[in-house]
Amino acid sequence: MTFPAPTRADHQKFCERDGWSQIRNARGKKGTHHITYELGLPDGRVLRTRISHPPDRSTYGRSMWHHILEDQLGVTEDEFWACVRHGTKPDRGQVAQPEAGMPAALVYQLVVKFGVPETEVARMTRQQALQRLSELWS
């Protein structure tokens, strides 16, 4: 698909729609030469991009634009324009929620009190361990 030449205004619109935070410079003030945005990703990385003042209809050159897309924004051109035009945020993944661990007291009961081998307990889900403990108590 062919896209129009990206502008500084498009760049800023993307950052605002994708939830980037404008950060301050070392003196605690908003930068006067560039607008700097930052986005924390679910995997722990932090992306940072800068937009020259003013964020107007000035366009980027092809080489500079590919650097911004890949290295700073971490998106494809399709994802960028979907966000700018339709507000569709790029899929940046999610951090997988770990399964709830088995309480130590439950493991203790199975291994120490009832002699269930540790390797067997390690393969059990929490629900399976509770069921096994219930059977052993009966």
**Student:** Any heavy-atom pair between the side chains of H34 and I51 that's under 4.5 Å?
**Tutor:** no
**Student:** Taking only residues at least two apart or on different chains, which pairs with a member in residues 126-138 satisfy salt bridge (Lys or Arg N to Asp or Glu O under 4.0 Å)?
**Tutor:** E120-R132
**Student:** Under the side-chain hydrogen bond (donor to acceptor under 3.5 Å, both in side chains) test, which residues partner D18, sequence neighbours left out?
**Tutor:** W20, R92
**Student:** Would you please name every residue forming a side-chain hydrogen bond (donor to acceptor under 3.5 Å, both in side chains) with R17, sequence neighbours left out?
**Tutor:** none
**Student:** What side-chain donor-acceptor pairs closer than 3.5 Å can you find for residues 60-67, not counting sequence neighbours?
**Tutor:**
unit_1 : atom_1 : unit_2 : atom_2 : d
Y60    : OH     : H11    : ND1    : 2.7
H67    : ND1    : D71    : OD2    : 2.8
H67    : NE2    : Q72    : NE2    : 3.3

**Student:** In the structure I gave you, are the side-chain heavy atoms of L73 and I68 within less than 4.5 Å of one another anywhere?
**Tutor:** yes
**Student:** Between S138 and S134, which heavy-atom pair has the shortest distance, and what is it?
**Tutor:** OG-O, 3.0 Å
**Student:** Less than 4.5 Å apart, side chain to side chain, heavy atoms only: is that true for P6 and F14?
**Tutor:** no
**Student:** How many angstroms lie between atom CZ of R50 and atom SG of C15, to the nearest 0.5 angstrom?
**Tutor:** 13.0 Å
**Student:** Taking the side chain as everything from C-beta on, heavy atoms only, tell me whether T7 gets closer than 4.5 Å to S58.
**Tutor:** no
**Student:** I'd like to check the salt bridge (Lys or Arg N to Asp or Glu O under 4.0 Å) partners of R123; sequence neighbours left out, ordered by chain and number.
**Tutor:** none
**Student:** Of all heavy-atom pairs between Y37 and E16, which one has the smallest distance, and what is that distance?
**Tutor:** OH-OE2, 3.8 Å
**Student:** Side chains of T88 and C83, heavy atoms from C-beta outward: is any pair under 4.5 Å?
**Tutor:** no
**Student:** Is W137 reachable from M102 through a run of hydrophobic residues whose side-chain heavy atoms are each under 4.5 Å from the next?
**Tutor:** yes
**Student:** Please collect all salt bridge (Lys or Arg N to Asp or Glu O under 4.0 Å) contacts where either partner lies in residues 101-118, sequence neighbours excluded, each pair once.
**Tutor:** none
**Student:** Which is it for L47 and E38 under the side chain to side chain contact (heavy atoms under 4.5 Å, CB included) test, yes or no, and what are the steps along the way?
**Tutor:** CA-CA 6 Å; L47 299 178; E38 189 173 85; over 6 Å; no
**Student:** Could you tell me which non-hydrogen atom of L39 sits nearest to which non-hydrogen atom of G19, and how far apart they are?
**Tutor:** CD1-O, 3.8 Å
**Student:** Tell me if the OH atom of Y108 is crowded by more than 12 foreign heavy atoms within 6.0 Å.
**Tutor:** no
**Student:** Looking at every heavy atom in both Q109 and L133, which two are closest together, and how far apart are they?
**Tutor:** CB-CD1, 3.8 Å
**Student:** Are the side chains of T36 and Q22 in touch, meaning some heavy atoms are under 4.5 Å apart?
**Tutor:** no
**Student:** Please give me the minimum heavy-atom distance between P42 and G93, naming the atom from each residue.
**Tutor:** CG-O, 3.1 Å
**Student:** List the atom of V84, the atom of D10, and the distance in Å for their closest heavy-atom pair.
**Tutor:** CG2-O, 3.6 Å
